[in-house]
Amino acid sequence: MPVFDPTTTAILIVVLLAGALGLAGYLVLSERKIAAWIQDRKGPNRVGPGGLFQPIADGVKMFLKEEVIPAHVDKVFYLLAPIVSVSTALLALAVIPIGPTTPPPPPLPIPSGATPAQLVDQLQRQQAEYQQQTSFVLAPGLDVGILYVFALGSLAVYGVILAGWSSNSKYSLLGCLRASAQIVSYEIPLGLAVLGVILMTGSLNLETIIARQTEHGPYWFILFQPLALLLFMISLYAEDNRLPFDLAEAEQELVGGYHTEYSSMKLGLMLLAEYVHLVISSFLVTVVFLGGWSLFGLEALLGDTALTAGLKVCILCGKMLFLVLFAQVIRWTIPRFRFDQLMNLAWKVLIPLGLLNLACVMVVLQWGLPWVTLTGTSLLLLVGAGYLSTRWQGSVSVPRRKVVPLPPGLPPGVTFAPQH
Amino acid sequence: MPIPESQVRWVEAPRLGLWEQLYLPAVVEGLKTTVRHLFSPKVTEEYPEQEPKLPPNYRGVHRLNRDEKGRVKCVACYMCATACPAHCIDIVAAPAPPEWQADGREKYPETFVIDELRCIYCGMCEEACPVDAIELTTLYDLTGYTREELIFDKEKLLSVYDYTVQAGTDPIRTQAGRLGPASEPATFRRPTHS
C-alpha cells in the first residue's frame with residue numbers, strides 16, 4: 001500500500017475524517033452518559049433509543065444556533081482560531097495506525113563484495129515485498145511519525161492562544177494564558193516519557209514501534225516502562241485540557257475559558273478539536289505502550305487475512321476506546337488541581353522523574369542489560385519519589401523553608417515570611 | 001484589628017506517609033468509588049412517564065370539600081381569606097338557601113375564587129378553616145395557557161374535590177375535624193425512590 005494513489009488516499013482521508021468526527025460526536029454522548037451514571041443519574045435518553053441519536057441532535061443544534069461575532073474581537077484571529085484548532089487536531093490522524101501495520105524495511109546492509117547492480121536489485125525486491133503488505137495508516141512508513149504527532153500537538157496551543165487573545169475578554173485571556181503555560185510545561189514530561197521507548201525501539205516510526213512490541217511475543221512497553229506510561233498519561237490529560245487539568249476552561253472561575261466568546265459551530269469546532277485530541281492521544285498510548293493491534297496472540301487465531309485485519313482494527317480501536325472511557329471516568333475521580341499544584345507537578349515531579357527514567361533506559365541499553373531491569377528501576381523511581389516527598393514535606397510547625405515571624409499589625413494569617 | 005498572636009492556634013495538618021505520597025493508591029480508591037456509582041441504581045425520576053411519589057402532606061392545588069349531602073361545606077366565614085398571606089382568596093357570602101337553613105347553615109359562599117398563581121401554598125387557609133372545608137391536595141401539575149385559566153372558581157374547586165375523592169388521593173392532614181397522621185412527625189416518612 002505504500003504506493004501513492006491520489007484517489008485511494010482521498011477516499012481514505014474522507015473515511016478517516018468522517019470516522020473521527022462521528023466518533024467525537026459519540027464520545028460527547030459517552031462523556032455525558034458516564035458523567036450521569038457516576039452521579040447516579042440516567043443521562044440523555046430522549047433522542048432515539050437510549051439517547052443514541054443525541055449527537056445528531058447536538059450537531060444540528062450547533063448548526064442552527066445564531067452565529068455571533070462580538071464587536072470587540074480581532075476578527076481575523078478570532079475566525080482563524082477554530083480553523084487552527086481543528087486542522088491541527090485532524091492532521092495528526094495521518095500517521096496514527098488504526099489497524100494492522102507493517103513496518104518499513106530496515107536499511108539494507110552493504111556486504112563488501114556486492115556490486116551496485118546486486119544492491120539495487122535487492123532494494124527493489126525489498127521494496128516490492130513491502131508494497132504488497134497492507135498498512136492501516138493514512139501515510140504509511142513516515143519515519144518522523146511520533147515527532148509529527150508531537151509537532152502538531154504543540155501547534156494546537158496556537159488555536160487556544162489565538163482564541164483567547166483575539167476574543168478581547170478577560171475570561172478568554174485568563175483561560176488561554178493558563179492553557180498555554182500548562183501545555184508548554186507538560187510538553188516536556190510528555191516528550192521525556194516517550195523518549196525512553198524511542199531509544200528502546202530505535203525508531204520514531206509508529207509502525208516500527210508496534211512491530212518491536214509484537215515480534216517476540218506480547219512484550220508491550222507497559223511492561224518495561226510503566227513509569228513512562230504513567231508520566232505520559234498524566235501529561236496527555238494536561239495537554240488535552242482534560243480534568244483534573246482543565247484549568248483553561250474551569251467553568252467555576254472562567255465562564256467558558258478560552259472559548260467564552262465563541263458561539264454556534266465555531267464553538268462546536270473548538271469542542272470537537274478537544275475530543276479529536278483525546279482520541280489521538282489514546283491511539284498514541286495504545287500504539288506506544290499497549291502493543292498496538294496485538295492482544296496476547298489472540299489476533300493470530302484467525303488465519304484468513306481479511307478477517308485478521310478486521311480483528312486487529314477492532315483490537316486497536318477497542319484499546320483506544322477503553323483509554324478514552326478511562327479518561328472520562330478519571331474526570332469524575334480526581335478533583336481539579338490548583339494552578340501552582342499543576343506547575344509543581346510538572347516541574348518538580350514529572351520532569352525529574354522523566355529525566356531519571358530516561359537515564360535508566362540509556363544505562364540499560366548501553367551495557368546491554370535485560371529490559372526487565374527497567375521495570376524494576378521504574379518502580380524504584382516511583383517509590384523513591386514518594387519517599388523523598390514524605391521526607392521533604394513541610395508543616396506549620398516544621399516549615400520546609402526557614403521563616404521569620406513578622407511584626408504584628410499585618411492582616412490575619414500573614415504571620416511568617418521566608419528568611420532570606 | 002489584628003488577631004493577637006496569643007489567640008492564634010496553629011492546627012497541624014496530618015503528615016502524609018509513603019502510601020499517601022505515592023498518590024496512586026488514593027487514585028485507585030477514587031476509581032473504585034466512581035466505578036461503583038457507574039453501575040449503581042439510578043435515582044432519576046423520568047417525570048412525565050413516572051409520577052413522583054409525594055409525601056401525603058404535600059401542599060398542592062386547593063379543593064373545596066362537600067358535606068354528606070353533596071353541598072359545599074364552606075360556611076363563608078372569611079377565616080381563610082383573612083389568614084391568607086398572599087390575599088389570593090376572594091369570597092362573596094350570601095344567605096344560605098332555605099333548605100340548607102334547616103341543617104343550621106346560615107351563610108354559604110356565593111362565589112369562592114382562588115388565584116392559584118398568587119397562592120404560595122402555605123396551607124394557612126386549611127389551618128384557619130373551622131369546618132375543614134378548604135384543603136390542599138397532592139395535585140402538583142398545575143398548568144394553563146393563560147392567567148385566567150388558573151383563577152379557580154367554586155365549581156372548579158369542587159371538581160378538584162370530586163376528582164381527588166375519585167382518585168383516592170384525599171389529603172391526610174385534616175380528616176373530619178381531627179388532625180391526620182401527617183401532623184405527627186414520627187409517622188412522617190420521606191418518599192422512597194425506586
Side-chain angles (χ1 to χ4, degrees), chain A residues 30 33-46 51 226-227 230 233-234 243-244 325-335 337 341 345 349 379 381-399 405-416, chain B residues 1-55 58 138 140-145 188-194:
Chain A
S30 84
K33 275 284 189 189
I34 286 177
W37 290 337
I38 287 178
Q39 296 164 2
D40 288 348
R41 294 184 286 115
K42 281 186 177 161
N45 62 355
R46 296 283 138 162
L227 182 64
L230 184 68
M233 282 185 69
I234 294 174
L243 259 157
L325 296 183
F326 181 72
Q328 293 177 347
V329 173
I330 278 285
R331 170 173 182 175
W332 302 102
T333 304
I334 309 176
F337 279 56
Q341 293 171 334
L345 182 68
V349 182
L379 293 177
L381 282 176
L382 182 70
V383 176
Y387 178 72
L388 279 184
S389 45
T390 57
R391 300 296 299 178
W392 281 350
Q393 65 184 315
S395 68
V396 174
S397 56
V398 193
L406 290 170
L410 291 164
V414 185
T415 357
F416 291 103
Chain B
M1 172 85 185
I3 304 165
E5 194 61 34
S6 59
Q7 284 186 11
V8 175
R9 193 166 59 90
W10 290 101
V11 180
E12 198 77 20
R15 286 183 73 82
L16 299 182
L18 177 61
W19 189 250
E20 286 93 20
Q21 281 287 358
L22 285 179
Y23 288 109
L24 290 183
V27 171
V28 172
E29 278 299 309
L31 273 175
K32 268 199 249 167
T33 307
T34 39
V35 171
R36 195 178 65 237
H37 276 276
L38 207 54
F39 301 106
S40 66
K42 309 301 172 218
V43 298
T44 309
E45 271 180 8
E46 289 172 89
Y47 162 59
E49 295 96 25
Q50 203 183 337
E51 295 279 316
K53 290 200 188 77
L54 296 169
Y58 182 84
T138 53
Y140 56 91
D141 40 359
L142 188 64
T143 52
Y145 288 107
F188 173 68
R189 294 276 175 273
R190 281 180 63 88
T192 47
H193 293 293
S194 55

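Worth saying up front: this structure is predicted, and the values here are computed from it rather than measured. By convention in this document, chain letters (A, B, ...) are assigned in the order of the sequence lines, proteins followed by strands, and residues within each chain are numbered from 1.
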(message) I need the A:Leu379 CG to A:Leu227 CG distance, nearest 0.5 Å.
(response) 8.5 Å
(request) Kindly check if the number of other-residue, nucleotide or ligand heavy atoms within 6.0 Å of CZ (B:Phe39) is above 12? (result) no
(request) Examine whether an atom of A:Ile34 lies under 4.5 Å from a heavy atom of chain B, and if so say whether it belongs to the side chain, the backbone or both; otherwise answer neither. (result) both
(message) So for A:Leu382, is it side chain, backbone, both, or neither that comes closer than 4.5 Å to the heavy atoms of chain B?
(response) both
(request) Side chain from CB out, backbone as N, CA, C, O: work out which of these in B:Gln7 comes under 4.5 Å of a heavy atom of chain A, or both, or neither. (result) neither
(message) What's the separation between atom CG in B:Leu16 and atom CD in B:Gln21, rounded to the nearest 0.5 Å?
(response) 5.0 Å
(request) Indicate yes or no: does A:Arg46 engage B:Glu46 in a salt bridge with an N to O separation below 4.0 Å. (result) yes
